[in-house]
Structure formats: C-alpha cells, structure tokens
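So that the names make sense, note that chain A is the first sequence line, chain B the second, and so on, each numbered from 1.
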Amino acid sequence: MLDIRFVRENLETVDHMLQNRQMGMDLKPFIQLDENRRNILREVEELKHQRNVASDEISQLKREKKDASGRIEEMREVSQRIKNLDQKLAGIEEDFREFLLHIPNIPHHSVPVGKDEEDNALYKSWGEIPSFRFDPKPHWEVGERLGILDFERAARMTGARFAVYWGMGAALERAIISFMLDVHTRKHGYKEVLPPVIVNGTSLMGTGQLPKFKEDLFKLEGLDYYLIPTAEVPVTNIHAGEVIEEENLPKLYTAFTPCFRSEAGSYGKDTRGLIRQHQFNKVELVRITTPENSYQELESLLENAETILQELGLPYRVVTLCTGDMGFSASKTYDIEVWLPGQNTHREISSCSNFEDFQARRAGIRLRRKGQTKTELAHTLNGSGLAVGRTLLAILENYQQEDGSVIIPDALRPYLHGAERITPDKH
RNA sequence: GGAGAGAUGGCCGAGUCGGCUGAAGGCGCUCGCCUGCUAAGCGAGUGUAGGGUCAAAAGCUCUACCGAGGGUUCGAAUCCCUCUCUCUCCGCCA
C-alpha cells in the first residue's frame, strides 16, 4: 500500500508507474474519493467538536443543579447529523481503502522499464553450462526411472500437480532442507523460525496477496484461514503491528515451510514434473531493515540465496525483473534462474525482492530510532533460499549419469549418511 | 466440546452511581540538574492514526482510539448485544 499523501501529491508519478507496470488504472475516481472523504471528515469533526464542548457544558450545568434540557435538545439533533455523516464516511472510506489496496508498489529507479519477461535484464551468471556425452533427460524421467518420484499415485490419491517422493528422493528433499537451513543460520546469521502454514486474511493483506490475488490461494472452507503460498506471509507478519527498536535491526529470519498455490490460470503450463506443484517445500529468507539499508540488504540476501546454488555446483543466472514482470508488492526483484539441461533452459529457483515500506505500511511494521519518539515504517525484503523441489529437480537433471544414476553433490552427502549416488530403488 | 475468569498506554496496574480520565499510581525510557565514581535523589518530558493550518518541516489545533464490531444516551473505558483472543478446571487428543 502506498502512502495516501504521496499518491495525492505525486499523481503523475503514480500514473506513470502504473503504465510502466502494464496496468491500466484510472486514478481520477480515487482522487475524487479522497476529496469527498476529507470534506466529510472536516464537517463531521467540527460537529464532534461542538458535541464535546456541549457535553462539558451539560455536565457543568448538572453539577450546578441547573437545567440543561435546552442544550440536550440541541445536541440530540447534532448527534443525529453526526451519525448520518459517520455512516456516509464509512462507506466512502471502504471504497477508498479498497482502491488504495489495489495500487501496486512503485518500482525502484534502477528497475528496467519493460513489458514482460523478455525485457528482464541479465544481472550476473555463475557456473559453466555442462555438456553431456548423452542426451540429458528431464527430471521426471530421471526420477521415475530411479523410482524416487511418483506422479501417478499422487494423482490418484489427490490430483494433478502433486508428487509422492520415495526412498532416496524423500531423503534428498529432507537433506536439501537441512543443508539450506544450516547454511543460512550458521554462515549467514539468520534465525530459524517454524511458523504456522495456515494464516488469516489480515496477514495475507499485510504482505499483499490479498485482496487482489485471492484466486491463487487455497482457502479453508467456512473459515478466514488460508494455506500459505509462501513463508513470506507468516514470517513477515511476525512483527505486524509492532515497533522495533532500530538497534535490533536488521532482523534476519529463515524458515522452512511447505507452500500451497492453486495455480489458477496456469492450466496446461508445466504439467509434467516438479516445476509447478500445488504443494512444494521452500526455505525462505526474510529481512526487516531500516529504509537507508534496504537495497544493500537486497544484494546481501541475493548472495545468500546464490551461495546455496554455488555450494551445490548448479549453474545459474540472475535477472533483474523489468517493471512489467515484477510482482504487485515489490519495488525491485531479482530472479535466480537455475540451468536445467534436461529441458535445455533456465528456470526460476528463487525470487528476491525489496518491498520497501509497501508491506510495512499494510502490516504496521515500524521502527524507532534511538532517542526518537516518532516511529517510521521499516523496509521488508524476502527471497527464496531456495525452492526445495526445484533444487531437487535441478540436481537430478544436472547430476544425471548415462547409466541413469544421479551423483549426489558433495555438500549434501553429510546429510545422507555419506551416500554418493542415487541408484534405482525398488519398492 | 462443557464450566468459569479476564482483555486498559512500552510494561505493571487503578478507574466509584455513565460526564474536567488520553486515561490515577508505579516501573521503564529520554533530556536536564545534583553528586569524587557508581547508586540514590530532584525537575521536565515520554502512545498511535487521521484531518486542519503551513511552500515545507517544526509548531499549533481538531477528531478518533481503553481486545474487535454494533447498540443505548445530549454524552460510554464505564451500561447492553455479538465476535475474537488469553487463562483455569473437566472431557478428548498427536
């Protein structure tokens, strides 16, 4: 959510930003709404002031045992007017808030202007794209041949876009999770948290998934409860409504959680394999910082995510998302795309964003400087560190051997009792 | 699921028959004074949001907020209703 005053005073900037984001949105009704709102507010506050003054007089008169019925009679009418205006105001304020909640964040000036993913800018890349002496297979073939991934049975017990992991597949997933958490907590200084994977609507409002992206979420029937689409939601909301002392910033949190996404609107896309599942595991990185440090913190967060890929020896590139491809709440986003030889392409494995004060304003995350009484909004950031399922499939594709086995990257072996290779598993 | 108790400012805690209570008192914190140092003491200050004024900030001023939402009333932290959460006991349970 943007600052109302900012929108009011920088209409052209906001309008320009909306165009850059490829969003047609007419701000005129919004400005009209804002004006109405303030007009009524002025009127009703004046009446309330009258009422408060009269209230004092009445109590004064009563204490002196004098007659106050005249004033009371007057105020009866004023109160009625207040009631009517308050009602009118409530309606306008609801519309106003609704509008404001649908305006996306303003892109940082360093973000390239562009239409779609074609216009994203390459930021850096790491690792050699491996060459194979044989035709590398997509991970679903590698996984099914090894007997560690089972899409058929998952489809039977649940439906499309789910998977059963068997044996070394399940163990590898678990190893990846532990490995990532260890790197982030021990090397990068994050605090590990294990949050609820069900949150209420207010939390989703706070991080920006609601009200606009309701259809992407799984909602529990009859309840204001949702399965989280990412740990960003519960973890960022840890400090919702709080004032954090500046000396306690930045906050660095990492969390492993399953994530749930309805994937509405992506029918027919990535239907095979682990790429796009309704349920997947992710290790998330969240930072809460002061405004002046947040862009530096974004670089650092990105590097934290990159470290995982480097230690696993998976080649990747980083792109800066352009204005047209960026998410609703973000000011700037880097996507890390891992190389997948089985599909001969790069695929997103992490997305690292600075939200500046956009989420903080919605969720009420503030900071207080030393010696100051005033509070200000904090900046929030997050990124995947990394998507676990996609990491696993990247390993299957990059480390597959001609005989169908898969070499286990060195970094993961301690988490798998020293195992060096995945070979076909019977069950 | 059944029975009961509660929710007030950063924290603890008082609010009588509804009216000088944005909220006593204490703690904490900030600034100043005092003091060989420390401790203690003294003085002042110390919530959030939204309006208005202002070129802007500061300042000044108004309005709202005592878990949330509604109601009664000229007037609600105080009365009524609904909801949420916390605690205790019982039941069930990984």
Side-chain angles (χ1 to χ4, degrees), chain A residues 1-11 13 30-101 194 196-206 220 222-226 234 237-249 258 291 357-378:
Chain A
M1 185 164 71
L2 300 179
D3 184 2
I4 308 141
R5 271 171 293 199
F6 178 84
V7 178
R8 206 184 283 151
E9 287 158 25
N10 299 277
L11 255 193
T13 312
F30 177 65
I31 293 305
Q32 190 57 51
L33 222 46
D34 179 43
E35 219 160 281
N36 283 346
R37 173 180 147 266
R38 280 184 298 154
N39 286 338
I40 295 176
L41 203 56
R42 218 170 306 158
E43 193 179 345
V44 79
E45 285 188 352
E46 166 59 26
L47 288 174
K48 281 180 180 172
H49 179 56
Q50 273 180 38
R51 184 177 71 184
N52 287 345
V53 171
S55 231
D56 283 352
E57 281 175 33
I58 290 167
S59 67
Q60 182 73 26
L61 289 171
K62 290 221 165 171
R63 242 175 291 120
E64 292 167 4
K65 308 266 189 248
K66 290 184 184 158
D67 178 40
S69 56
R71 292 300 270 149
I72 289 177
E73 204 46 50
E74 277 171 52
M75 284 305 111
R76 207 184 299 266
E77 195 224 329
V78 171
S79 272
Q80 192 52 47
R81 281 173 64 197
I82 290 174
K83 202 178 227 174
N84 293 340
L85 285 173
D86 264 343
Q87 224 162 54
K88 203 165 145 196
L89 188 64
I92 290 173
E93 237 151 28
E94 203 186 307
D95 292 349
F96 173 78
R97 193 178 150 68
E98 185 67 13
F99 205 113
L100 198 59
L101 283 171
L194 185 65
V197 298
I198 296 175
V199 294
N200 58 32
T202 304
S203 294
L204 286 154
M205 198 78 81
L220 301 199
L223 298 167
D224 181 34
Y225 281 176
Y226 300 79
N237 277 288
I238 284 175
H239 292 292
E242 294 184 6
V243 177
I244 307 169
E245 300 300 328
E246 184 191 7
E247 67 214 60
N248 295 328
L249 293 174
D357 63 13
F358 189 85
Q359 294 182 327
R361 185 172 293 107
R362 289 174 165 235
I365 305 170
R366 287 162 302 170
L367 68 97
R368 194 190 329 267
R369 311 269 182 187
K370 210 168 167 51
Q372 296 281 125
T373 61
K374 276 280 164 206
T375 59
E376 52 190 293
L377 293 168

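Atoms CG and CZ, from A/D357 and A/R366 in turn, are 13.0 Å apart once rounded to the nearest 0.5 Å. For the atom pair A/Y226 OH and A/N200 CG, the distance stands at 9.0 Å (nearest 0.5 Å). In this structure, CG on A/L85 lies 10.5 Å from CG on A/L41, to the nearest 0.5 angstrom. With values rounded to the nearest 0.5 angstrom, A/E45 atom CD is found 9.0 Å from A/L89 atom CG. Between the CD1 atom of A/I40 and the CD1 atom of A/I92 there is a distance of 3.5 Å, given to the nearest 0.5 Å. Here the CZ atom belonging to A/R362 is positioned 12.5 Å from the OG atom belonging to A/S203, to the nearest 0.5 angstrom.
Here the C1' atom of nucleotide B/A64 and the CZ atom of A/R37 are 13 Å apart, to the nearest Å. Residue A/E35 contributes atom CD, which lies 11 Å from atom P of B/G52 at whole-angstrom precision. Rounded to an integer number of Å, the gap from A/I92 CD1 to B/G51 C1' is 15 Å. Distance CD1 (A/I244) to P (B/G10): 15 Å, rounded to an integer number of Å. What separates CG of A/N200 from C1' of B/C85 is a distance of 12 Å, to the nearest Å. What separates CG of A/D86 from C1' of B/G51 is a distance of 14 Å, to the nearest Å. In this structure, A/R97 places its CZ atom 15 Å from P of B/A49, rounding to the nearest Å. A/F96 has its CZ atom 10 Å from the P atom of B/G50, to the nearest Å.
Nucleotides B/C42 and B/U61 are separated by 30 Å at their P atoms, to the nearest Å. On the C1' atoms, B/G25 is 35 Å away from B/U82, given to the nearest whole Å. Taking atom P on both nucleotides, B/A14 is separated from B/C31 by 32 Å, rounded to a whole Å. Comparing B/U53 with B/C34, their C1' atoms are spaced 42 Å from each other, to the whole Å. For B/C66 and B/C20, the P atoms lie 15 Å apart once the distance is rounded to whole Å. Annotation: B/U88 and B/C81 have their C1' atoms spaced 26 Å apart (nearest Å). Using C1' as the reference atom, B/G26 and B/C89 are 33 Å apart when rounded to the nearest Å. Between the C1' atoms of B/U78 and B/U86, the separation comes to 22 Å (whole Å).
Within the 4.0 angstrom heavy-atom criterion, only backbone atoms of the sugar-phosphate kind lie near A/R38; the bases stay farther away. Backbone-only engagement by A/R5 is indicated by non-hydrogen atom pairs under 4.0 Å involving sugar-phosphate atoms exclusively. At the heavy-atom level, A/R8 lies under 4.0 Å from the strands shown only through sugar-phosphate atoms.
Screening residues 49-59 of chain A for side chain to side chain donor-acceptor pair (under 3.5 Å), with sequence neighbours left out, gives A/E57-A/R71, A/S59-A/R63.
Taken residue by residue, residues 40-50 of chain A places heavy atoms nearer than 4.0 Å to RNA chain B at A/L41, A/R42, A/E45, A/K48, A/H49.
Heavy atoms of other residues, nucleotides or ligands lying less than 6.0 angstrom from CZ of A/R38 number more than 12. In this structure, A/E9 places its CD atom where more than 12 heavy-atom neighbours from other residues, nucleotides or ligands lie under 6.0 Å away. The local environment of CZ in A/F6 is crowded, with over 12 non-hydrogen atoms from other residues, nucleotides or ligands closer than 6.0 Å. Sparse packing is recorded around CZ of A/R81, with 12 or fewer heavy atoms of other residues, nucleotides or ligands lying under 6.0 Å away.
Regarding contacts with the backbone of B/G51, every side-chain N or O of A/N39 stays at 4.0 angstrom or more from both OP1 and OP2. Between A/N52 and B/U63 there is a side-chain N or O to OP1 or OP2 distance below 4.0 Å.
Contact record, A/L367 with A/L377: CD2-O, 4.0 Å, taken as the closest heavy-atom pair. The two residues A/A378 and A/A360 make their nearest non-hydrogen contact at O-CB, 3.1 Å.
Between A/E73 and A/R76 a salt bridge is recorded (basic side-chain N to carboxylate O distance below 4.0 Å).
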Could you list, one pair per line, each protein nitrogen or oxygen that sits under 3.5 Å from a nitrogen or oxygen of nucleotides 65-73 of chain B, together with the distance?
residue, atom, partner, partner atom, Å
B/U72, OP2, A/K83, NZ, 3.0

Using the 3.5 Å cut-off, write out each protein N or O paired with an N or O of nucleotides 18-22 of chain B and the distance between them.
residue, atom, partner, partner atom, Å
B/G19, O2', A/S59, OG, 3.3
B/G19, O6, A/K62, NZ, 3.3
B/G19, N2, A/S55, OG, 3.3
B/C20, N4, A/Q60, OE1, 2.3
B/C20, N4, A/R63, NH1, 2.7

Evaluate A/L101 against A/M205 for side-chain contact (heavy atoms from CB on, under 4.5 Å), listing each step before the verdict.
CA-CA 9 Å; A/L101 283 171; A/M205 198 78 81; 4.0 Å; yes

What dot-bracket string describes RNA chain B from 5' to 3', counting Watson-Crick and G-U wobble pairs whose defining distances are under 3.5 Å, with [ ] for crossing pairs and | for pairs to another strand?
(((((((..(((......[.....)))((((((.......))))))(((((((.....))))))).(((((..]....))))))))))))....

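For the salt bridge (Lys or Arg N to Asp or Glu O under 4.0 Å) test, residues two or more places apart in sequence or in another chain that qualify with A/E93 are A/R37.
For A/R71 and A/V243, each mapped to the nucleotide of RNA chain B holding its nearest heavy atom, the one lying further toward the 5' end belongs to A/V243.
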